[in-house]
Structure formats: C-alpha cells, structure tokens
Asks: 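The structure follows.
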Amino acid sequence: VVLCLLFERKRLFRFTGAEACFYVSMYAFERMIVEGLRTDSLYLGPMRISQLLSVIMLLGVTIIILAKRKNGKRLPLAALAFLSFAAIALSLSGIFPFSVLIASGTISLCVCLFGIFR
C-alpha cells in the first residue's frame with residue numbers, strides 16, 4: 001500500500017486503474033510464493049488452489065494491461081506473458097520444479113509492471 005501511495009504521489013501510473021492493477025499483481029505474486037512454502041495447503045490434484053488463484057489474478061491483470069496498450073507495443077509483452085503463463089501452468093501441474101514457478105511468476109510480474117509504468 002505504501003508503494004501504491006508513493007507511486008501515485010509521483011504520478012507514475014499511466015492509465016486509469018493502473019494503481020489497482022499494480023496492487024493486484026504484487027499481491028498475487030507474493031501469494032504465489034508464500035503458498036508454495038506452506039505445508040497445510042489445499043490441493044486440487046497436484047496444484048495448490050491458492051497458487052492457482054494467484055496465477056489467475058496475474059493473468060487477469062496482464063490481460064487488462066495488454067488491452068490498455070497500443071497495438072504496436074502489445075505483441076512483445078503478450079508473447080512474454082504467454083510463455084511465462086505456460087511455464088507457470090507446467091510447474092503447477094508438477095512437470096517443472098517450484099523454482100520455475102518463481103522465475104515465471106517473476107517474469108509475469110515484470111510484464112505487468114512494465115505495462116503499468118511504461
């Protein structure tokens with residue numbers, strides 16, 4: 001919340017709703033990592049439900065940000081976001097290790113932040 005208020009004061013958010021997108025993307029990324037460390041998680045098959053919800057929130061924010069971008073600048077971000085979400089899905093299903101989940105979550109968070117501030 002402090003970062004949201006600081007960035008708003010410095011007028012770094014580029015479009016209406018960017019502050020909410022920033023907060024949701026940061027929260028989803030943090031939740032995805034913290035839930036991977038817990039031992040008492042609720043599972044749906046091999047996936048932790050809370051990590052799955054965090055990925056869905058990151059995906060939603062990424063779609064909103066890409067919809068706000070101009071057409072010429074949307075493609076590289078969309079390709080990077082697609083690759084990171086594919087890696088997240090594979091790591092949540094148990095094919096890739098947890099470190100891949102953290103790395104791909106970091107990439108998708110960077111896509112969100114680049115879309116918000118650029």
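Any value given below was found using the heavy atoms of this structure, including those in side chains, with hydrogens, waters and symmetry copies removed. What you are looking at is a predicted structure, and each value in this text was computed from that prediction instead of being measured.
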Asks: Closest heavy-atom contact between Glu8 and Phe13?
Replies: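 Minimum heavy-atom contact is N-CE1, 3.6 Å.
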Asks: For the SG atom of Cys21 and the CG atom of Leu113, what is their distance to the nearest 0.5 Å?
Replies: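 Rounded to the nearest 0.5 Å, the SG-CG separation comes to 10.5 Å.
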Asks: Using a 4.5 Å cut-off on heavy atoms from C-beta on, say whether the side chain of Ile65 contacts that of Phe114.
Replies: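 The answer is no; the side chains never approach within 4.5 Å.
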Asks: Do the non-hydrogen side-chain atoms of Glu35 and Ile49 ever get within less than 4.5 Å of each other?
Replies: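 No, side chains not in contact.
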Asks: Is there side-chain contact between Met57 and Tyr27, with heavy atoms separated by less than 4.5 Å?
Replies: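 In short, these two side chains touch, coming nearer than 4.5 Å.
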Asks: Can you tell me how far CG of Leu12 sits from CD of Glu19, rounded to the nearest 0.5 angstrom?
Replies: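 If we round to the nearest 0.5 Å, Glu19:CD and Leu12:CG are 11.0 Å apart.
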Asks: Less than 4.5 Å apart, any side-chain heavy atom of Phe29 and any of Ser54?
Replies: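 Phe29 vs Ser54: side chains apart.
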Asks: When rounded to the nearest 0.5 angstrom, what is the spacing between SG in Cys112 and CD1 in Ile107?
Replies: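 Between Cys112 SG and Ile107 CD1, I get 12.5 Å after rounding to 0.5 Å.
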Asks: Between Val61 and Val34, is there a shared hydrophobic cluster once you connect ILVMFWY residues whose side-chain heavy atoms come closer than 4.5 Å?
Replies: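 Each belongs to a different hydrophobic cluster.
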Asks: Mind checking who shares a hydrophobic cluster with Tyr23, ILVMFWY linked at side-chain heavy-atom distances under 4.5 Å?
Replies: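 Grouped by the 4.5 Å side-chain rule, Val1, Leu5 form the rest of the cluster around Tyr23.
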Asks: Under the side chain to side chain donor-acceptor pair (under 3.5 Å) rule, collect the residues that match up with Thr106, sequence neighbours excluded.
Replies: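 Listed in chain order: nothing, the list is empty.
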Asks: To the nearest 0.5 Å, what is the distance between CG (Leu53) and CE (Met32)?
Replies: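 One finds 12.5 Å between CG of Leu53 and CE of Met32.
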Asks: Work out which heavy atom in Ser25 is nearest to a heavy atom in Leu109; give both atom names and the distance.
Replies: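 Nearest pair, atom of Ser25 first, then Leu109: O-CD1, 3.6 Å.
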Asks: Would you indicate whether the side-chain heavy atoms of Leu42 and Ser50 approach each other to under 4.5 Å?
Replies: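 Counting from C-beta outward, Ser50 and Leu42 never come under 4.5 Å.
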Asks: Between atom CD1 of Ile63 and atom CG of Leu58, what is the distance when rounded to the nearest 0.5 Å?
Replies: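 Atom-to-atom, Ile63:CD1 and Leu58:CG are 11.0 Å apart.
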